[in-house]
Structure formats: C-alpha cells, structure tokens
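Worksheet: one structure, shown below.
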Amino acid sequence: MAMSPTMSSSLCTFAALAGAGGRPGRQASQKGSKKRAVAQPLAAGAVTEAPPPAVIAPAPARPVVSTPRRREGNAGTDQLVAWKSVRQERWEGVLEVEGELPLWLDGTYLRNGPGLWDVGDYGFRHLFDGYATLVRVSFRDGHAVGAHRQIESEAYKAAQEHGKVCYREFSEVPKPDSFVSFVGQMASLFSGSSLTDNANTGVVRLGDGRVVCLTETIKGSIVVDPDTLDTVSKFEYEDKLGGLIHSAHPIVTDTEFWTLIPDLIRPGYVVARMDAGSNERKFVGRVDCRGGPAPGWVHSFPVTDNYVVVPEMPLRYCAGNLLRAEPTPLYKFQWHPESGSYMHVMCKASGKVVASVEVPPFVTFHYINAYEEKDEEGRVTAIIADCCEHNADTSILDKLRLNNLRSFTGEDVLTDARVGRFRIPLDGSPIGELEAALDPEEHGRGMDMCSINPAHLGKEYRYAYACGAERPCNFPNTLTKIDLVEKTAKNWYEEGAVPSEPYFVPRPGAVDEDDGVAISMVSAKDGSGYALVLDAKTFEEVARAKFPYGLPYGLHCCWVPRDK
Ligand SMILES: CC(=O)/C=C/C=C(C)/C=C/C1=C(C)CCCC1(C)C
Ligand SMILES: CC(/C=C/C=O)=C\C=C\C=O
Ligand SMILES: [Fe+2]
C-alpha cells in the first residue's frame with residue numbers, strides 16, 4: 001500500500017517522539033537565530049543581601065502588563081491582570097510589606113509560568129502557550145525584594161527577533177510562509193528541532209543547588225540563577241535515554257530526581273533516576289501501556305518511599321494531532337475512554353512492575369502525593385495516590401484557553417474537580433479504586449495546583465494546599481488547605497483575585513506537618529499583584545508583599561533557602 005503523506009509524517013513524529021530507552025537523544029538546538037540584545041544582568045545576589053536593598057530598577061511609570069491588541073472575543077481593558085502579558089522584560093525592587101513577615105522566612109520563593117502571550121500583533125490562544133516569566137520574592141529579616149524576568153529560551157529569543165512564533169508550542173505552531181518551508185518544518189518535527197524549549201511550567205531546586213525551569217519538552221530544561229533570574233544554560237541530560245518529551249514534574253529531593261519518559265512508538269513509559277550533582281539519567285525500568293494507540297499524558301506522577309506510580313490516563317498523546325497546524329479540541333491529545341485507564345506500580349530498587357490495575361476513567365494534571373498502606377505486620381498492602389482530578393472531563397483543557405479566561409461573565413463555568421484518591425492493591429487484584437478523598441463542596445468543587453510539606457513526600461500525610469473555587473467562577477479563585485484526615489478544607493478568598501499555587505515552606509525546626517507558611521502570588525482585581533503569606537496552620541494571612549505593578553498568572557514554584 002502506498003503511504004500517504006499524513007501516514008508517513010505521522011510515523012516520523014512517532015519516531016521523533018519515541019526513542020526513550022535506548023537511542024541517543026536528538027535534542028538539536030535551533031541554529032541561525034541571531035541573538036537579541038537583552039537588558040544587562042543586575043548585580044548577582046545584590047537584592048538578597050541584608051540590609052534590604054534599595055530599588056534597583058525603578059517601578060515603571062506605566063504598567064508592565066498590557067492588554068493584547070488582536071484577540072478573539074472580548075479581550076477588553078477590564079480583563080484581569082492575571083491574563084495580560086507582562087511587557088517589560090525584567091524588573092526588580094523592594095516590596096512594600098503589609099503585615100508581619102515571619103523572621104525565620106529567609107530565602108527566595110521562585111515562581112515560573114507562561115506570562116507573555118503575545119508576539120508582535122499576534123495573541124496566543126492558550127494559557128500554556130505563553131513564554132516563561134519567572135517571578136522571585138526574596139525574604140529576609142521581615143523584608144521582601146521582588147523581581148520578574150523572562151526566561152531567554154531559544155523560542156522566546158527567536159519570537160522577539162523575528163516577531164513571530166518560531167517553534168512548536170503547546171497549541172501554536174510556526175506558520176510556514178511557503179511550501180518549501182512547510183516541508184522543512186516537517187523535517188524539523190522529525191528531528192525534534194522545531195519543538196519549543198519554552199520552559200514555562202515548573203521550577204525545581206536540584207539537590208546540588210542548581211535551579212532548573214522545566215516544561216514537557218526535554219530540551220526545555222533550562223538552568224537559571226535564582227538571584228539574578230539570569231538564564232544560565234540549557235540543562236543537558238548526558239545519557240543515552242533519548243526521548244523528546246517527559247513529565248513536566250519530576251520528583252526532586254536533596255539526593256535524587258525521578259522522571260517519566262513516554263515512548264510513543266512502543267506505547268509505554270521509561271522510568272529514570274538521576275543522582276543529585278549528575279546530569280545523567282539512569283534507566284530504572286519500563287512500563288508497557290495496556291490500552292490505546294499511545295501512552296496517556298503524564299504531566300506529573302507520584303512516588304512513595306519504595307515505588308514509582310506510573311499513571312496511564314485515557315487522555316493520550318496523539319501523533320496525528322502533533323502534526324496539525326490548527327489545534328484540535330484536545331490539542332496534542334485524544335480522549336480514548338474505550339482504551340481503559342490504568343495505574344502501574346514500579347519498585348524503585350528493582351525496576352519491576354509489581355502492580356498494574358484498571359481504574360475508573362480520570363483526567364488529572366497534578367498528583368498531590370502517594371504513600372504505602374501497611375497492615376498490622378507492616379506489610380505493604382496497597383499504594384494510595386492522590387491527585388487533582390477533573391471528574392474525567394477533558395473540557396478543563398478548553399477552559400484554559402485565554403479567550404475563556406478573559407471573558408468571565410459571572411456565569412459559573414469552571415468544571416468540577418476533586419481530590420481523587422486511588423487505592424492500588426498490591427495483592428494481584430486486577431482492579432483499583434478511585435474516589436473523592438473529601439466532599440468536593442469543601443473546596444467549592446475546584447481543585448488544582450497543589451503542594452505539600454516536602455518532608456511527607458512519598459509518606460502518609462494529612463495536609464495539602466491547593467487552589468479551589470468560590471463560585472460562580474471560570475477559574476480556581478481560592479486558596480484551600482485540605483485536611484485529609486478530618487476531610488475538611490479551610491479557604492482563603494478575595495473577590496476578583498486570581499491566586500496561584502500555594503507553596504508550602506516549612507518553618508526551620510518544625511515538627512508539625514503544617515508548621516510553616518503557604519506562599520501564593522496573587523493577581524488582584526484592581527490590577528495589582530502581591531505575594532501572599534498565609535500561616536499554614538491557621539490559614540490566616542500574616543503578610544502581603546506588594547509589587548508596584550500587576551502580575552500575570554503563573555504556575556509552579558520552589559523555595560531556595562538562603563543558607564543552601
Ligand atoms: C504549561 C503546561 O502545563 C504544559 C505545557 C505543555 C507543553 C508546552 C507541551 C508541549 C508539547 C509539544 C510542544 C509537542 C509535543 C507534545 C507536547 C508535550 C504536548
Ligand atoms: C491551571 C491548571 C488548572 C486549573 C484548573 O482547575 C492547570 C495547570 C497545569 C499545568 O501546570
Ligand atoms: Fe503542572
């Protein structure tokens with residue numbers, strides 16, 4: 001049978017996106033893009049030393065966020081600052097503090113996220129498309145210094161230089177200006193060189209102190225300086241594992257880094273581990289998919305002390321959709337409820353799959369935590385894995401289109417979500433359970449962007465911090481502290497505000513699981529922005545550190561303690 005262009009290019013894409021587990025990686029970097037002049041770096045460390053520094057960059061006279069010009073729908077000036085692009089490439093200065101910052105809070109809170117959704121006159125469609133904006137708040141002696149800066153990925157620099165999208169983003173693809181460039185693009189898709197390195201999703205502090213920004217493309221792993229927010233270098237994985245995409249959320253501790261690399265040719269996942277201080281991922285084991293034409297999307301995954309949980313969600317990668325110029329309703333993915341939903345458990349030490357169970361259909365971006373359930377003799381009977389679960393409804397992806405986020409009419413359009421708790425038996429039973437861990441009404445049926453006390457990673461835990469909902473709303477608009485033992489939630493809400501992931505920072509020497517603070521960056525209704533510090537025990541506000549301008553929404557965070 002003659003192969004149609006679509007078929008052959010689909011196969012190419014499969015080939016390019018697979019390669020996990022053997023072949024050397026092909027992480028070609030874009031050649032030939034002229035370097036754009038960017039602002040000079042600020043003095044390293046200057047803003048984090050005591051006494052609190054003077055303002056290094058004056059607060060801009062005009063707002064540093066701006067309303068996009070050409071947009072679908074009603075993107076008017078009344079739209080929330082959360083969904084407006086940050087226009088000034090960088091800013092840094094002392095923040096006005098309202099309330100009392102704890103004196104023990106000594107270090108830097110860093111948040112990453114897609115803060116720039118415009119290139120020239122063109123406005124992006126989806127929240128996940130935006131170019132990465134880092135926000136920093138450094139705390140010391142009750143004072144706070146803030147800063148933001150664009151990450152200088154190849155994708156960002158090329159867009160600035162050429163005034164157009166030059167790499168394949170979450171939903172945007174470069175528009176070919178001729179048939180020849182179309183053919184060239186197909187070839188670059190094969191090599192992976194056209195995929196974005198726009199590291200706009202997470203930021204992690206590795207055990208050796210390096211700070212790395214991440215997205216779902218492997219080449220989009222970028223080392224940054226947490227003081228200056230300088231883009232330092234690409235994080236190059238020096239191994240032969242290959243693959244072009246990975247989970248955006250590795251599990252990172254002081255000693256190691258765990259990641260999942262989906263394999264689209266032979267549907268499955270490679271589990272890999274990297275020691276702190278190393279750039280070499282080591283193959284631990286492989287999980288073969290049980291259903292569907294391709295692996296399920298793995299934005300994140302959980303671990304316990306001894307096991308890695310590999311989820312196989314029916315929202316699966318789709319090679320055909322990867323090739324399309326225009327986004328499909330589910331972007332690069334496809335919903336395959338008929339393929340089944342599975343949870344696999346791999347032993348960290350042996351790489352062996354010790355359980356593989358079918359579970360009810362689910363949709364999740366973020367796992368919260370997992371732990372081992374034990375019987376009276378201390379034998380592990382099951383794995384409990386919690387996630388922010390969107391009631392198996394894929395329409396959450398569409399809700400995150402900028403046009404939807406910018407056009408809140410007062411109608412309650414945010415789809416319901418819950419803390420989904422999986423129970424994965426280890427006794428060979430073929431079926432696992434999935435239930436809500438608490439009544440979703442406790443957190444307004446909104447649930448995403450979670451953190452926990454890192455001392456409880458992979459262990460039994462009681463508290464999770466997340467974004468919930470005060471309805472009506474079109475996006476999670478509260479901060480919520482979930483008590484998984486009492487099955488209750490405490491909520492923080494300010495009318496019209498869009499808070500981002502509440503990041504838990506433990507108090508040094510703390511014993512109680514919730515002894516610390518939860519820090520969130522809030523884009524407020526009046527167009528301002530501030531870092532909100534909540535006492536994690538009471539979930540009451542202790543202080544806010546105000547930026548002199550509004551901040552766009554952001555995704556994930558990390559904490560860099562001063563003495564490390
Ligand atoms: C911000 C966020 O949560 C997710 C971002 C996801 C991205 C940027 C995904 C990008 C991808 C490509 C550019 C091509 C390959 C598929 C996929 C991983 C979806
Ligand atoms: C912001 C978000 C979901 C909100 C819905 O309730 C998901 C972000 C995913 C990427 O990190
Ligand atoms: Fe995420």
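Remember, it's 1-based here, ligands and their atoms both numbered in the order they're listed. For this chain, numbers begin at 1 and follow the sequence in order.
Near His366, meaning under 4.0 Å from any of its heavy atoms, are these atoms of ligand 2: 8 (C), 9 (C), 10 (C), 11 (O). Against a heavy-atom cut-off of under 4.0 Å, Leu322 is close to the following atoms of ligand 1: 14 (C), 15 (C), 16 (C). Proximity to Phe128 (heavy-atom distance under 4.0 Å) selects the following atoms of ligand 2: 8 (C), 9 (C), 10 (C). Taking every heavy atom of His299 and a limit of under 4.0 angstrom, the matching atoms of ligand 2 come to 10 (C), 11 (O). For ligand 1, the atoms lying closer than 4.0 Å to a non-hydrogen atom of Lys332 are 19 (C). Near His390, meaning under 4.0 Å from any of its heavy atoms, are these atoms of ligand 2: 5 (C), 6 (O).
Judged by distance alone, with hydrogens and angles left aside, the side-chain atoms of Asn198 form a donor-acceptor pair with the main-chain N or O of Gly130 at under 3.5 Å. Looking only at distances, no side-chain donor or acceptor of Glu470 sits under 3.5 Å from a matching main-chain atom of Asn477.
Ile396 CD1, 3.5 Å is the protein heavy atom nearest to atom 5 (C) of ligand 2. From the protein, the heavy atom lying nearest to atom 11 (O) of ligand 2 is His556 NE2, 2.9 Å.
At a 4.0 Å heavy-atom cut-off, ligand 1 touches His299 through the side chain alone. In Asn200, the part holding a heavy atom less than 4.0 Å from any atom of ligand 1 is the side chain. Of all the heavy atoms of Tyr553, the ones lying under 4.0 Å from any atom of ligand 2 belong exclusively to the side chain. Of all the heavy atoms of Lys399, none lies under 4.0 Å from any atom of ligand 2, so neither backbone nor side chain is involved. Heavy atoms of Leu195 found under 4.0 angstrom from ligand 1 belong exclusively to the side chain.
Crowding of Lys164 atom NZ: a count of heavy atoms from other residues, nucleotides or ligands under 6.0 Å not exceeding 12.
The only option from Met447, Lys490, Glu442 that meets the side chain to side chain contact (heavy atoms under 4.5 Å, CB included) definition with Ile482 turns out to be Met447.
No side-chain N or O of Thr364 forms a donor-acceptor pair with one of Glu389 less than 3.5 Å apart. With hydrogens and angles left out, the side-chain atoms of Tyr156 and Glu161 include no donor and acceptor closer than 3.5 Å.
Between Arg286 and Asp288 there is a salt bridge, since a side-chain N of the basic residue sits under 4.0 Å from a carboxylate O of the acidic one.
Taking the six-membered ring where the residue is Trp, the centroids of Phe504 and Tyr465 are separated by under 6.0 Å.
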